[in-house]
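It should be emphasised that the depicted structure is a prediction, and the values quoted were computed from it without experimental measurement. In what follows, every chain begins at residue 1, and chains take the letters A, B, ... in the order their sequences are listed.
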Protein chains: 2
Amino acid sequence: MGQEANSDGTVGKALDVLDMVAARGKPVRFSDLLAQSAFPKATLYRFLQTLTNQSMLTYDEDRGTYALGVRLVRLAHTAWAQSSLAPLARSYIDELAVESGETIHLAQMDQGQVLYVDKRNAATPVEMFSSAGKVGPAYCTGVGKAMLAFMPDEAVEKALTRQSFHCFTPQTLDTPAKLKSELQVIRAQGHAFDREEHEPGIICCAVPIISRVGRVLGALSMTSTTHRTTLDALEAQAGRIKDTAERIATAAESWRFPEQD
Amino acid sequence: MGQEANSDGTVGKALDVLDMVAARGKPVRFSDLLAQSAFPKATLYRFLQTLTNQSMLTYDEDRGTYALGVRLVRLAHTAWAQSSLAPLARSYIDELAVESGETIHLAQMDQGQVLYVDKRNAATPVEMFSSAGKVGPAYCTGVGKAMLAFMPDEAVEKALTRQSFHCFTPQTLDTPAKLKSELQVIRAQGHAFDREEHEPGIICCAVPIISRVGRVLGALSMTSTTHRTTLDALEAQAGRIKDTAERIATAAESWRFPEQD
DNA sequence: AGATTAAGTTTCACATAATGGAACCACTAG
DNA sequence: CTAGTGGTTCCATTATGTGAAACTTAATCT
């Protein structure tokens, strides 16, 4: 299962190892990793040692397993604060969530995948990391399609090669062709729908967040369930969502990090 | 100053660069980094290139600045889920927060610093990453002292060398000696206080979370303000907090990640 | 303009640091 | 005792990272 050889030398390889550990989603043994990595035993071993030393991984003595380390959590806090739209967009999202009473997602594109960076739900309190940091498929989520529709062709093509086109529900657009024609429609109307394409009963309306120079910064979606509302009702909110997206884009534009000298 | 030379070869150095970028807390220019790093220009340059390639950093063309990349957010999500107490402790913390109406923090020790991995406040909704991932000093926070008090001497000594002992408030224990005698007391009574040692007006009562074999897994604290409650009132809750901490410890003990083969 | 400095990028001979086959160790099972 | 499994260490070979210096822009000054 192609963990493709990386071109970034030693550091790249070490980071691949990190990803391998992350991919399992649970603590993993040396031999498990060895089995699926192209690295020889000694090499993999050294990487694990180094990463553990660096607190990028933690080693559980008792069980002999490696897991992602807490240093990542620390770094991510800063990453999230300084290179995601979330801190900037917070107040706008809050407002939208309260007014609509529906769940709002803020997402960005990361290597062809949708990365959720924030989530707000007027009713239930936020579930910390359980949503921020989560990734999802781009081809069958509202936010994913909204972003793809407004990205340059070249970037879209590249992203398409990374999609699995797994068919989650009968509504899933499971071929590049279907998806591309949908993107046309989205581009025309300015917002995307998720018509239970990812999960049955879950629908959403999403709009892209686009910078003044036309770059897709992220996307915003309002999510609900089929037994609470309808697509038409969500579409009625599209203008409101678009408005919020625009305000976020403007905020992002004018935002300068405070210069300190 | 003093980004100590790391012994973990190329990978370690690259990760140091990541930390340097993180330390600024804002996007940073090549020359800024160069100024404060021991690396020669070309070397630093290559690291930045590599890390950017790997999406560990993002490069802002327009401003010529580097910031932590989104890949970290993704990794952190997994890290948080698989190697922090947070997912496990969630329900217990929720309960404690609701019952007490006060803010509850869950923290772990990371390289001599307190790393907050979760936070719950019965009143106001959670602020996502703004608390999880945040770090604080060990020597002047309730959770920090609670953990230190029950760690093996050797580990405490190591941690002490990493403390700045900056004097935040008149109450701050600003020498290793003062701290050590405080740790004695904490060990005896089983819980630690923060008597406005970090921030004026902020007090808390914290207890360690200790595994069956005596290892400190983390700490739990109940935080409030001097004009809402008193230390005595908080101490009255100590039993309740301890109870929760024990239940979390038990849960952590019996928890096995699902085996898949 | 032309000269001057600063900021960022590329080059290349050199030495360090990564590599990985093989040997080794510690268990466990037969 | 022997074979097997899972993990760790060695070490000669060489790929990789290193960093001084040269180079390219892009501002700033005279």
To the nearest angstrom, how far is B:Asn53 atom CG from D:dG17 atom P? 13 Å
Please report the distance, rounded to the nearest Å, between OH in A:Tyr66 and C1' in D:dT8. 10 Å
Separation of C:dT9 atom C1' from B:Leu48 atom CG, nearest Å, is 12 Å
Grab the CZ-C1' distance between A:Arg63 and D:dG7 for me, whole Å please. 19 Å
So, is A:Arg46 close to the C:dT19 phosphate, meaning a side-chain N or O under 4.0 Å from OP1 or OP2? yes
Can a donor-acceptor pair under 3.5 Å be found between the side-chain atoms of B:Lys41 and the base atoms of C:dG8? yes
From the set D:dG7, C:dT19, D:dG17, return the single nucleotide nearest to any side-chain atom of A:Lys13. C:dT19
Are the charged groups of A:Arg74 and B:Asp110 less than 4.0 angstrom apart, N to O? yes
Audit row: B:Lys13, B:Asp8, salt bridge (Lys or Arg N to Asp or Glu O under 4.0 Å) steps and yes/no: CA-CA 7 Å; B:Lys13 290 177 202 166; B:Asp8 283 317; over 6 Å; no
Would you mind reading off the distance between A:Asp60 atom CG and D:dG7 atom P, rounded to a whole angstrom? 13 Å
Between C:dT10 (P) and B:Phe47 (CZ): distance, integer Å: 17 Å
To the nearest angstrom, how far is B:Leu44 atom CG from D:dT18 atom P? 11 Å
Under 4.0 Å between a Lys/Arg side-chain N and an Asp/Glu carboxylate O for B:Arg247 and B:Asp243? yes
A:Arg29 side chain near D:dG6 phosphate (N/O to OP1/OP2, under 4.0 Å): no
On DNA chain D, does the nearest nucleotide to A:Tyr59 precede the nearest nucleotide to A:Val11 from the 5' side, or the other way round? Give the residue. A:Tyr59
For A:Phe47 and A:Phe39, I'd like to know if the aromatic rings sit close, meaning centre-to-centre distance below 6.0 Å. yes
Check: B:Gln163 side chain, B:Gly112 main-chain N or O, donor-acceptor pair, under 3.5 Å: yes
Specify the separation, in whole Å, of atom CD of B:Gln49 and atom P of C:dT11. 12 Å
Can you work out whether A:Ser31 or B:Ala42 has the more 5'-proximal nearest nucleotide on DNA chain D? A:Ser31
Look at the side-chain N and O atoms of A:Thr43 and state whether any lies under 4.0 Å from the OP1 or OP2 oxygen of C:dG20. yes
Within the structure, does a side-chain N or O atom of B:Tyr45 lie under 4.0 Å from either OP1 or OP2 of C:dT10? yes
